[in-house]
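Below: the structure, in structure tokens.
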Amino acid sequence: MDYDNTTKRVESPELTRLLAANPLAQFPTLITPDGSVLTETAAIALYLNDQHGSGTRWSTANLTPPQLAAFYRWLVYIPANIYPTITVIEFPERYCAVPQDAPVSQEQVQRWISNGTDERRQDAWKFLEAGIVRGIHGANGKFALGTEEPTILDIYITMLAHWPPHPRKQMRFCSTYVSRIWEYDEVPQSLTAFSFPQHAAQNSGFVGSEHNASVDVTPSTPIR
């Protein structure tokens, strides 16, 4: 599915399929085996982790109570504070309507909105970084929650840091952390299985079912 054409609502069979499942035309959209539609990346991540992570190293049952609290905190913080800024920066025209007789142009106002939102985005990333660096008392692992193994939160942070169609290296404030996740053996395999190529290739969004041959979001090999 072409990200640019879909976000611009260019007519195509893929757009028709996406709108039928999700009229907001959001990336990603997931259709579950029972026909339910899931949107919102965090919700999809939690659903897939619940369905396929039990009894594996990805299970939240492996987290301590402080780690679990941080897991939910940052998983909700990202779509509440960081993700929306991407939409505003890329589509400022959706958030302003300048009167024709205004002393400034629509384009100028859009630039102001994008620039101001970009500052807010950087502040939000810095706050997340501070929370990661500060860590959790008694947890000294190398990943976001102080674990020795990555969690869904680590994948979510890294995915957003490289969000296409223009990979940004947004976590320049803690690039070592992002690189550490990419070096973990299973993460590139898992992202490929979820239709997320390493280094954020153009087609990161997907519309499909858990058992769709073209966009199968079930890992091709078990996650140990």
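None of the values given here were measured: they were computed from a predicted structure. Numbers here are sequence positions counted from 1.
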Gap between atom CZ of F71 and atom CG of L75 - 0.5 Å precision: 5.0 Å

Side chain to side chain contact (heavy atoms under 4.5 Å, CB included) involving D34 - partner list, sequence neighbours excluded: T32, S36

Over all atoms of both residues, closest heavy-atom pair of W125 and I157: CH2-O, 4.0 Å

Under 3.5 Å: donor-acceptor pair, side chain of Q51, backbone of L48: no

Set of side chain to side chain donor-acceptor pair (under 3.5 Å) partners for N22, sequence neighbours left out: Q26, T29

Residues in side chain to side chain donor-acceptor pair (under 3.5 Å) contact with E107, at least two apart in sequence or another chain: none

Which residues share a side chain to side chain contact (heavy atoms under 4.5 Å, CB included) with T87, sequence neighbours left out: Y83, F91, R94, Y95

Closest heavy-atom pair and its distance - L128, Y77: CB-CE2, 4.0 Å

Euclidean distance, I82 CD1 relative to R121 CZ, rounded to 0.5 Å: 9.0 Å

Minimum heavy-atom distance S59-G53, with the two atoms named: CB-O, 3.3 Å

Residues that V109 engages under side chain to side chain contact (heavy atoms under 4.5 Å, CB included), provided they are two or more places apart: C96, V98, V104, W112, I113

Set of residues satisfying side chain to side chain donor-acceptor pair (under 3.5 Å) with respect to R120, sequence neighbours excluded: N81

Residue list, ring pair (Phe, Tyr, Trp, His ring centres under 6.0 Å) with Y156, at least two apart or on another chain: none

Nearest-0.5 Å distance that lies between atom CD in E93 and atom CD in Q110: 5.5 Å

Test side-chain hydrogen bond (donor to acceptor under 3.5 Å, both in side chains) applied to D118 and Q122, step by step: CA-CA 6 Å; D118 185 56; Q122 293 183 43; 3.0 Å; yes

Side-chain donor or acceptor of T147 paired with backbone N/O of F143 under 3.5 Å: no

Interatomic spacing from CD1 in I132 to CG in L153 - rounded to 0.5 Å: 7.0 Å

Joint cluster assignment, I89 & I78, ILVMFWY side-chain distance < 4.5 Å: no

Sequence-distant partners of V76, side chain to side chain contact (heavy atoms under 4.5 Å, CB included), two or more places apart: none

Side chain to side chain contact (heavy atoms under 4.5 Å, CB included) evaluation trace for L63 with T151: CA-CA 9 Å; L63 302 177; T151 67; 4.1 Å; yes

Heavy-atom check, side chain of P28 versus side chain of I44, under 4.5 Å: yes

Linked, directly or transitively: I86 and F127 (ILVMFWY side chains, under 4.5 Å): yes

All side chain to side chain donor-acceptor pair (under 3.5 Å) counterparts of S105, not counting sequence neighbours: none

Beyond-backbone contact of N49 with T60, side-chain heavy atoms, under 4.5 angstrom: yes

Heavy-atom pair of closest approach, residues P92 and S114: CG-OG, 3.4 Å

Heavy-atom closest pair, residues A43 and L38: O-CD2, 3.9 Å

Distance, nearest 0.5 Å, that separates CD of Q106 from CD of Q100: 10.5 Å

Shortest non-hydrogen separation from P23 to R9 and the atoms involved: O-NH2, 3.9 Å

Any donor-acceptor pair under 3.5 Å from T16 side chain to S12 backbone: yes

